[in-house]
Amino acid sequence: MRKKVLDKKFFDRSVLEVAPELLGKFLVRKYRGHEHASMIVETEAYGAAHDKASHARSGKTARNAPMFDGPGTIYVYLTYGMHWLLNLVVDKKEYPSAVLIRGLEGVTGPARLTKKLQIGKGLNRKTLGKASGLWVEDRGVVIEKSDIKKTPRVGVDYAGVWAKKPYRFVLKK
DNA sequence: ACGATGATGAAC
DNA sequence: TTCATCATCGTA
């Protein structure tokens, strides 16, 4: 089986290009000496230009600083006081955009997958790769455009017109 | 349908 | 320094 670790170049593009392309790729997490790989089946794009649903909507802050660190950065944050959410930063440095990983094969829900893969604040602002223990692999799964369903993003009703944009990408079974 | 639970950002 | 808000989930 062909295996290729996605590098910085893959993430150094528009978030609207990268988010759908992550479907079918494998998220690999190494902890306690074991590697756990699961296929990504659901993503959401944040930060395209002046996205009012993005954490970067009010400029750079202590929380969203990782979004400005450039492609391949890991952005993990706490939401609702109890859930960690995983984002992969894309596009060029100082241009905040990120892809929220919402679901893996067999693990649906952005907070569930971080719990299962033991992803927490310790990974925040680290870089994707074997050194950090979290990376993404292309294992040769081919996804047709017709296999991708686009829908509005979840939980962002407050964002006005931005709440309606079809920036959520789901892999059909 | 709703409570848990705490960091965040904006107002005062 | 206070307050409403949240990229959610489990239980009812």
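Order of the sequence lines fixes the chain letters, A, B, ..., with proteins taken first and strands second; residue numbering starts at 1 for each chain. Everything numeric here is computed off the predicted structure, so don't read it as measured data.
- For the salt bridge (Lys or Arg N to Asp or Glu O under 4.0 Å) with A:Asp51, the qualifying choice from A:Lys165, A:Arg57, A:Arg153 is A:Arg153, the only one to do so.
- Aromatic rings from A:His55 and A:Tyr77 are positioned such that their centres are separated by under 6.0 Å.
- Here C:dA7 sits opposite no nucleotide as a Watson-Crick or G-U wobble pair (both hydrogen-bonding atom distances under 3.5 Å).
- Under the 4.5 Å side-chain heavy-atom criterion for grouping Ile, Leu, Val, Met, Phe, Trp and Tyr, A:Leu134 is not connected to A:Leu85 through any hydrophobic cluster.
- Listed in residue order, the members of residues 50-73 of chain A having a heavy atom less than 4.0 Å from DNA chain B are A:Ser58, A:Thr61, A:Arg63.
- Extent of DNA chain C lying under 4.0 Å from chain A heavy atoms, first and last nucleotide in 5' to 3' order, is C:dC6 to C:dG10.
- Rounding to the nearest 0.5 angstrom, the gap separating the CG atom in A:Leu27 from the NE2 atom in A:His36 is 11.5 Å.
- Toward the 5′ end of DNA chain C lies the nearest nucleotide of A:Val156, the other residue of the pair A:Val156 and A:Lys115 mapping further downstream.
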**OP:** Begin from the C-alpha positions of A:Asp12 and A:Lys92 and carry the test salt bridge (Lys or Arg N to Asp or Glu O under 4.0 Å) through to its verdict.
**Re:** CA-CA 6 Å; A:Asp12 192 9; A:Lys92 55 186 181 289; over 6 Å; no
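- A:Tyr158 comes within 4.0 angstrom of the backbone, heavy atoms only, and of no base.
- The base-pairing partner of B:dT5, taking Watson-Crick or G-U wobble contacts with both distances under 3.5 Å, does not exist among the strands shown.
- Taking atom CH2 of A:Trp84 as the reference point, atom P of B:dG6 lies 11 Å away to the nearest angstrom.
- Here A:Phe26 contributes atom CZ and A:Glu105 contributes atom CD; the two are 6.5 Å apart, rounded to the nearest 0.5 Å.
- Qualifying side chain to side chain donor-acceptor pair (under 3.5 Å) partners for A:Trp84, counting only residues two or more places apart in sequence or in other chains: none.
- Atom C1' of nucleotide B:dT8 and atom OH of A:Tyr75 are separated by 10 Å, given to the nearest angstrom.
- One finds the CG atom of A:Leu6 at 9.0 Å from the CG atom of A:Leu128 (value rounded to the nearest 0.5 Å).
- Rounded to whole Å, the P atom of C:dT2 lies 23 Å from the corresponding atom of B:dT5.
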